There are 2 protein chains.
Amino acid sequence: MTETASRPTLEAVAARAGVSRATVSRVVNGGDGVREPLVARVRRAVEELGYVPNQAARSLVTKRHDAVAVVIAEPETRVFADPFFALQLRGISKELTAHDCQLVLLLTEGRDDHARVGRYLAGGHVDGALVFSLHLDDPLPGLIRGAGVPTVFGGRPGWGDGTRDAAPAVYVDCDNRGGARAAVRHLVGLGRTRVAHLTGPLDQTSAVDRLDGFRDVMVDADPRLVVQGDFTPAGGERAMRELLERCPDVDAVFAANDLSASGALRVLREQGRRVPEDVALIGFDDMLPVAEQTDPPLTTVRQDIEEMGRLMARLLLSGLDRRGEAAGPAGTPAGVVLPTTLVRRASA
Amino acid sequence: MTETASRPTLEAVAARAGVSRATVSRVVNGGDGVREPLVARVRRAVEELGYVPNQAARSLVTKRHDAVAVVIAEPETRVFADPFFALQLRGISKELTAHDCQLVLLLTEGRDDHARVGRYLAGGHVDGALVFSLHLDDPLPGLIRGAGVPTVFGGRPGWGDGTRDAAPAVYVDCDNRGGARAAVRHLVGLGRTRVAHLTGPLDQTSAVDRLDGFRDVMVDADPRLVVQGDFTPAGGERAMRELLERCPDVDAVFAANDLSASGALRVLREQGRRVPEDVALIGFDDMLPVAEQTDPPLTTVRQDIEEMGRLMARLLLSGLDRRGEAAGPAGTPAGVVLPTTLVRRASA
DNA sequence: GTGAAAGCGCTAACAT
DNA sequence: ATGTTAGCGCTTTCAC
């Protein structure tokens, strides 16, 4: 534990420099409109006293915080196990840094956490929030709305089409459904007839949309060919085992993401099925450290995750800049959907 | 982007409830010393208005924030790839939650980030900081000292023995050196004579301490048997390749952590060396998802990472509670070092 | 038990 | 160009 000396105030600096508080404030905030000799005097006083502005006091009057919260509604274990978040965070981080804005990461595991995060957001610690990985029954959107903090969502929020409210939710997503369609069409194009789908957790729109894309192509697929997973390798293993038991004749699998595809791949190999000869396999995300390292490397649907993060941050910041301007419905787009592309590797 | 309605203030609640601001404040902060009927009236007004206290205003007077920062001095990509951080964060998170304290995660990648984090800490956004993964040349400790924020470090800080300052740094660490000794002794006990060490990044004390432990046992080891890694699987692969080239007769490897051990294992198998028959291998950390999943499972040195996190948080919070009391040198221990244990699995 | 009033440290009009 | 002043929204003596 380090000492906590009570910090010097503007007042102290002003006294030391022999000027008014207002002048010190001006210098500290850029020094425009203050003559050079004074600027120097103040700067020296600041230096000598080790003055750092008290943000609470500053925010109280400016109502700005130069910080935005990133809220991830997943347990740490998942957040840290899934490169998806790392990539998105990296995009966000770059964009925020460029705007000299601090990223504050809030992880929410249980219901208590939700309440605390709600208080944090409503308490005016941040100028805005970027929210990820919402689940269908998540109380977070309500809390956020209540908090009145400008928010951009990562992934289409699950509560209807966003038109329920006066201001539709702003979100960034990739074309999950279209990407899924492309993947399944590719499998069909390969001549596969027993095409299965290992889904993600169906309380998330990304998983639902990918399932819908699968169904768009496999209009009357044997329902046993759809097995629920959870975006994790372990879930992929479990789902694949179940699938092989239910439908030993399966000849193609579209997994909802690369992580579950990697799990499925392990099971396939373990049970002596060759990929892609016996069973063709496609993932989703194009998470390089996963998709390229598997054996065989994964054919997958690519989305630019880092770019999504960057875009979310940009949307939020530009929205913040435009505060107070007439926010016509034409102002901010409700949702930005980025394209996906099929990346062919060896697994399908 | 959601609407930003200007939030109701204490004043508004007071007006609505027909009481004074002071009374509302009392109710909001627990309601002691306010008679029941008033409490109810105020509560209802709070409810109706959706009032949430403005933290900036509150902090300005109380000087408390009910939030602590966790600073990790690593790029996101590493933070999110290494389960170590997830575990530690989980321990911290649990402890903080129990004290109704918000965890604010700050990741610092480059030098600009350092400055911003320094400003954030000094700006009085948090009551304290937990700092990890410091590197030898890190400017962070200086910034933190300057910020005057109570801090507990994860891992022994690298700047001397901590006695350079009036208040020695508080930290939590595991017995890296002792654990390393145990691992190497075990290898020697197995009859191995060409025992190598794949180090971690030597600008971190944990890596240095493990190397020292290795040297404690292998007093005059062939210097070529020590190869530098970086705690990552890729680094482990690289180091292992180099090692096999330099010393093809190596018969045991102590890797600085499980992640690099897993990389080393891949290379060993790829080059046709059987583990443990030809080369015995030991890791460090006992990171379950890694150590148990490898083939063969890793013998490793266990440290209770989650407990370390919990302990760090507890130390910080108890220090915060004791503010102002005479902080005698006997008050807070400078460093807490947790024991390690050797976990035998199949790799050695 | 409750209210009135004084600030916490800062910025932003408004004077000068 | 610089100083003066009035709050930002809250907690906390201090009277009543």
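Chain letters run A, B, ... following the sequence lines, proteins first and then strands; every chain starts at 1. Only heavy atoms go into these numbers, but all of them, side chains included; no hydrogens, no water, no symmetry mates. Here the structure is a predicted model, which is why all the values come from computation and not from measurement.
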Asks: Are A:L10 and A:P53 packed together at the side-chain level, in the sense that at least one heavy-atom pair is separated by less than 4.5 angstrom?
Replies: no
Asks: Would you say A:H65 and A:Q102 are linked by a side-chain donor-acceptor pair, where the criterion is simply a distance under 3.5 Å?
Replies: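 Side-chain D/A pair, A:Q102 to A:H65: absent.
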Asks: Using a cut-off of less than 4.0 Å, is there contact between a side-chain N or O of B:K63 and OP1 or OP2 of D:dT11?
Replies: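 For D:dT11, OP1/OP2 do not have a side-chain N/O of B:K63 under 4.0 Å.
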Asks: About how many Å separate CZ of B:R116 and OG1 of A:T97, when rounded to the nearest 0.5 Å?
Replies: 4.0 Å
Asks: How many angstroms lie between OG1 in A:T205 and CZ in A:F153, if you round to the nearest 0.5 Å?
Replies: 11.0 Å
Asks: Would you mind reading off the distance between B:R64 atom CZ and D:dT11 atom C1', rounded to a whole angstrom?
Replies: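 In whole Å, D:dT11 C1' lies 14 Å from B:R64 CZ.
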Asks: Tell me which residues in residues 12-33 of chain B put a heavy atom below 4.0 Å from DNA chain C, sorted by number, or none.
Replies: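 Going residue by residue through residues 12-33 of chain B, the ones with a heavy atom under 4.0 Å of DNA chain C turn out to be B:V19, B:S20, B:R21, B:A22, B:T23, B:R26, B:G33.
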Asks: For the pair made of CG in A:L10 and C1' in D:dT4, what is the distance, rounded to whole Å?
Replies: 15 Å
Asks: Quick check: do B:V19 and B:R26 have side-chain heavy atoms less than 4.5 Å from each other?
Replies: no
Asks: According to a strict under-4.0 Å criterion, is B:R58 in side-chain N/O contact with OP1 or OP2 of D:dT11?
Replies: yes
Asks: Is any side-chain N of the basic residue among B:E306 and B:R310 closer than 4.0 Å to the acidic one's carboxylate O?
Replies: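 Salt bridge between B:E306 and B:R310, a charged N being under 4.0 Å from a carboxylate O: yes.
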Asks: Determine whether B:L121 and B:L143 make a side-chain contact, defined as any pair of heavy atoms from C-beta on separated by less than 4.5 Å.
Replies: no
Asks: Nucleotide range of DNA chain C contacted by chain B, 5' to 3', under 4.0 Å to a heavy atom?
Replies: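 Terminal contacting nucleotides, 5' to 3': C:dG1 to C:dG9.
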Asks: Between atom CG of B:L315 and atom CG of B:L320, what is the distance when rounded to the nearest 0.5 Å?
Replies: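 CG of B:L320 is found 10.5 Å from CG of B:L315.
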Asks: Please state how far atom CD in A:Q55 lies from atom C1' in D:dG9, giving the value in whole angstrom units.
Replies: 17 Å
